[in-house]
Amino acid sequence: MSARIVILGGGTGGTLTANRLRKALPASDASITVVDTDDRHVYQPGLLFVPFGLADPEDIVRPRSRQLHAGIEYHQSGVDGIDIEAERVTLADGAVLEYDVLVIASGSRLVPEETEGLTGPGWLDTVFTFYDLPGATALAAKLATFDRGRLVVNVVDMPIKCPVAPLEFCFLADWHFQERGVRDQITITFVTPLDGAFTTPTASSTLGGMLEERGIELVTEFNTGEVDGAGGRLVGYDEREVPFDLAVVVPVHSGAAYVGASPGLGDALDFVFTDEHTLQSNVKPNIFAIGDATGLPVSKAGSVTHYEGETLVENIQRFLRGEPLDASYDGHANCFIETGFHKAMLIDFNYEQEPVGGHFPTRVGLPLLKESRLNHLGKLMFQWFYWHALLPGRDIPGITPEMPVAGKDHPADSAT
Ligand SMILES: Cc1cc2nc3c(=O)[nH]c(=O)nc-3n(C[C@H](O)[C@H](O)[C@H](O)COP(=O)(O)OP(=O)(O)OC[C@H]3O[C@@H](n4cnc5c(N)ncnc54)[C@H](O)[C@@H]3O)c2cc1C
């Protein structure tokens, strides 16, 4: 009997999972259907560059359906709900898809309306986000003429996609204003709910030091209660205020609304309860999740989604054969951190190992937690890898799902 595999979401995780599965399973063994709301696949790391005129908005978008290999059905519609017991999905266009295996790959969505005032007076005038394409494009026009005043970059709450992206924005803003000769007329302040620049101690200390060196003020443990666009101030729940002339805000993230509507599937933020090592959902054995849609304690990053994909595809096949699942996903994540001036850093970590110095992937390679031109080239080349290797489901030589230990200065097991 042919298995019906339905994948909800045709972004990074849904696309690479569908393509890897299609290669692994002949059409006689499984049908694969991917569902998404639109046909515009955005290369999201490129959103960072759009506000600074370093990327053209249309150059980071490709048709979603064209990223899927032959033999994969693409159904363009929103997902309305899942009937977990009856094993079927209801779509916004009225279609009903029955499944034997369901993959939830619907990522995270921005919910700016959760924060008082954020989309009120000042929105897209003095208050912006670069976390989606319309926001990043509008911000580009604003930044091009912003030449004096207070720029505030604010993360409202965690978790967010790519937790380093707001820091990268600060570094690029510093570089951009220096290039335009207006840096001394502009203050840059990074306002975060965390107790430091980043989530883990070593990287937090390194990145915090870099902010200081560049004259970027850091405001920590700030829980934004209101964005007052008309008055030009962030207001914290503890009544602290941060004034601004231009605010770049990363809004609250949540999972897809249909997850919340399916009892037992997701947490309070609609992220799917998922096994840390197998990617199987906790609610039903034939439901799996990948990428930003999971509630796992990992960064919401394309690299995480990529590494998870290998375990997930193996486990879908094992599930269909009735075999025990592979529990090998170790929380591996890596991110380039663009720091301006044609340089970038790289961090590599997993559930046990915080980002530390050294090299990736072995003792020789890209420098970790250190600025270099090589890392900047790696960040730029990643867009090519994304479309031509990662999404098509090709293996990248030397890059394994398991976090490499060899090049790390302080591997977790020897650091304790
Ligand atoms: C500014 C920015 C910079 C980033 N930089 C990096 C970086 O440098 N490195 C890195 O690794 N990662 C980076 N990321 C994060 C990375 O893009 C995401 O983590 C990755 O795309 C997650 O893949 P995903 O498949 O889980 O979600 P997505 O790729 O977002 O795909 C989810 C898909 O589900 C669809 N969907 C959602 N709800 C529904 C519904 N109800 N019905 C139908 N379809 C639905 C959406 O339309 C979307 O296509 C960045 C993200 C941003 C915003």
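Atoms within a ligand are numbered from 1 in the order they appear, just like the ligands themselves. Note that this is a predicted model, so its numbers are computed, not measured. Sequence positions, counted from 1, serve as the residue numbers for this chain.
Which parts of ligand 1 touch K379 is read off a 4.0 Å heavy-atom cut-off, strictly below it: atoms 8 (O). Close approach to G78 involves these atoms of ligand 1, each under 4.0 Å from a residue heavy atom: 42 (N), 43 (C). Near G11, the atoms of ligand 1 lying under 4.0 angstrom from a non-hydrogen atom of the residue are 25 (O), 29 (O), 31 (O), 33 (C), 49 (O). Shown in contact with R64 at under 4.0 Å from a heavy atom are these atoms of ligand 1, numbered in order with element: 47 (O), 49 (O). In summary, the atoms of ligand 1 found under 4.0 Å from a heavy atom of S77, numbered by their order in the structure, are 43 (C). Each of the atoms 26 (O), 27 (O), 32 (C) of ligand 1 lies under 4.0 Å from some heavy atom of G107. Ligand 1 places these atoms under 4.0 Å from at least one heavy atom of G291: 26 (O).
The N/O atoms of S303, backbone and side chain alike, include one that comes under 3.5 Å of an N/O atom in ligand 1. Between G13 and ligand 1, an N or O atom pair is found at a separation short of 3.5 Å.
Not less than 6.0 angstrom separates the ring centroid of F341 from the ring centroid of F171. Ring pair Y351/H277: centre-to-centre distance below 6.0 Å. Aromatic pair Y329/Y307: centroids not less than 6.0 angstrom apart. A distance of 6.0 Å or more separates the ring centres of Y386 and H306. Aromatic ring centres of F336 and H376: separated by at least 6.0 Å.
Remark: minimum distance from atom 19 (O) of ligand 1 to any protein heavy atom is reached at D292 OD1, 2.9 Å. Looking only at heavy atoms of the protein, atom 29 (O) of ligand 1 is closest to T12 N, 3.0 Å. Remark: minimum distance from atom 12 (N) of ligand 1 to any protein heavy atom is reached at G302 N, 3.0 Å. Remark: minimum distance from atom 45 (C) of ligand 1 to any protein heavy atom is reached at S106 CB, 4.1 Å. Closest to atom 51 (C) of ligand 1 among all protein heavy atoms lies Q44 CB, 3.7 Å. Counting only heavy atoms of the protein, atom 47 (O) of ligand 1 lies nearest to D36 OD1, 2.8 Å. For atom 42 (N) of ligand 1, the nearest protein heavy atom (residue, atom name, distance) is V79 N, 2.8 Å. Counting protein heavy atoms only, atom 14 (N) of ligand 1 is closest to C162 CB, 3.5 Å.
Side-chain N/O atoms of S65 and D39 include a donor and acceptor closer than 3.5 Å.
Only the backbone of K300 comes within 4.0 Å of ligand 1, counting heavy atoms alone; no side-chain atom from C-beta on gets that close. Of the heavy atoms in A105, only backbone atoms (N, CA, C, O) come closer than 4.0 Å to ligand 1. The proximity of Y258 to ligand 1, defined as any non-hydrogen pair under 4.0 Å, is limited to the side chain.
Not a single heavy atom of L8 sits closer than 4.0 Å to an atom of ligand 1.
For D348 (side chain) and N334 (main-chain N/O), no donor-acceptor pair under 3.5 Å exists by modelled atom type. Side chain of R394 to backbone of H388: a donor-acceptor contact under 3.5 angstrom is found. Looking at D36, its side chain does come within 3.5 Å of a backbone N or O of G10 through a donor-acceptor pair.
A salt bridge does not link E314 with R20: none of the charged nitrogens is closer than 4.0 Å to a carboxylate oxygen.
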(request) For V235 and T224, run side-chain contact (heavy atoms from CB on, under 4.5 Å): C-alpha distance rounded to whole Å, both residues' side-chain angles, the deciding distance at 0.1 Å, then the answer. (result) CA-CA 6 Å; V235 185; T224 309; over 6 Å; no
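The only option from K343, R214, K379 that meets the salt bridge (charged side-chain N to carboxylate O under 4.0 Å, His left out) definition with E371 turns out to be R214.
Nearest heavy atom pair, residue D93 against residue H75, reads OD2-NE2, 2.8 Å.
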